[in-house]
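Reviewing the structure listed below.
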Amino acid sequence: MDDRPVGFFDSGIGGLCILEAFKKICPCESTVYIADSENCPYGNKTAEEIIALSEINAGRLIGRGCKMIVVACNTASAAAIDFLRAKYPEIPFVGIEPAIKPAAIESKSGIIGVLATEGTFNGRLYNSTKEKFARGVTILAVVADEFVDLVEKGILSGGYAEGVVRKKIEPLLAAGCDRIVLGCTHFPHLSPLIAKVIKGRAEIVEPSQAVAEQTRRVLAEHSLSSESAEPHHVFIGSMPDNLLSVPKYAISRDQV
Ligand code: DGL
């Protein structure tokens, strides 16, 4: 039994999708979440810059006593997870990458669309997974940084957001994609809008649940699980004002 918190970080509020899934399946675990909104977006930064920011975030989480860290950001996982594991060998890390493997296996049309940041598409992780598991499947990769901006501004619905989403999704559907992979943790916040645009023409694939389950597994493997009856949750960073009244986003906050 280890009651120290599990740390999460993202360039902003994207990773809250993973945090939410994790809190549901591990209700006894305390958490600390860093939204590095000040430095958002990470997607168009160099690998060196992302490594430097990830090192700061991980250092802050470890400074707060975190027992393990979930890199709740595809872009940071792509650029920095190897560095973080080497720098903090005593801390287990879980990262995230676009779920192209399940999408490729399940696709019937043999064409899948992947929405992510440039940083994720340039990473070793994405390219080796693609090489290993998506042979024979056509992958249409689309950089959708505009979605990150919408989410960080709390614009999750309405005509403007729908137009931005439609512009990225419609060409994928027209090209025959039957699976659309959300390869950035910001994008599931737009899932209702994305589903509205897709209108049943393709499946949305996103790995928040799988990452939450992997985190639970890693905790158990390292004998780090908690059975606390009073877990607490700390949010460090900023959140768009209009989301503060939405129960899903109304989590305890500790501004620094
Ligand atoms: N949420 C991050 C990801 O999963 C990236 C967003 C950004 O560009 O900062 O890749």
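All ligand and atom numbering here is 1-based and tracks the order in the structure. Throughout, residue positions are numbered sequentially from 1 according to the sequence presented.
With respect to Lys108 and Glu203, no salt bridge is recorded, no charged nitrogen being found less than 4.0 Å from a carboxylate O. We find that Arg201 and Glu170 are joined by a salt bridge, their nearest charged nitrogen and carboxylate oxygen being less than 4.0 Å apart.
In this structure, the side chain of Thr129 engages the main chain of Leu125 through a donor-acceptor pair within 3.5 Å.
Proximity of Thr117 to ligand 1, defined as any heavy-atom pair under 4.0 Å, is confined to the side chain (atoms from C-beta onward). Of all the heavy atoms of Val148, the ones lying under 4.0 Å from any atom of ligand 1 belong exclusively to the side chain. Residue contacts with ligand 1, taken as heavy atom pairs separated by less than 4.0 Å, do not involve Asn44 at all. Of all the heavy atoms of Ser11, the ones lying under 4.0 Å from any atom of ligand 1 belong exclusively to the side chain.
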*side-chain hydrogen bond (donor to acceptor under 3.5 Å, both in side chains) between Ser191 and Glu206, intermediate numbers included*: CA-CA 10 Å; Ser191 280; Glu206 73 99 356; 5.6 Å; no
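The single protein non-hydrogen atom nearest to atom 10 (O) of ligand 1 is Thr75 OG1, 2.6 Å, given as residue, atom name and distance. For atom 1 (N) of ligand 1, the nearest protein heavy atom (residue, atom name, distance) is His186 ND1, 2.7 Å. When hydrogens are left out, the protein atom nearest atom 8 (O) of ligand 1 is Gly43 N, 2.8 Å; that is the closest non-hydrogen contact.
Close approach to Cys40 involves these atoms of ligand 1, each under 4.0 Å from a residue heavy atom: 9 (O). Near Asp10, the atoms of ligand 1 lying under 4.0 angstrom from a non-hydrogen atom of the residue are 1 (N), 2 (C). The Tyr42 neighbourhood of ligand 1 comprises atoms 7 (C), 8 (O), 9 (O), with distances under 4.0 Å to a heavy atom of that residue.
Residue pairs meeting the ring-ring contact (aromatic ring centres under 6.0 Å, His included) criterion with at least one partner in residues 136-170, sequence neighbours excluded, are Phe147-Phe187.
Not less than 6.0 angstrom separates the ring centroid of Tyr42 from the ring centroid of His186.
Residues Cys17 and Pro188 share a closest heavy-atom pair of SG-CB, 3.5 Å.
The aromatic rings of Tyr126 and Phe121 sit perpendicular, their planes meeting at an angle over 60°, well past the 30° parallel limit.
For the residues Ala76, Ser37, Cys73, the heavy atom positioned nearest atom 2 (C) of ligand 1 is part of Cys73.
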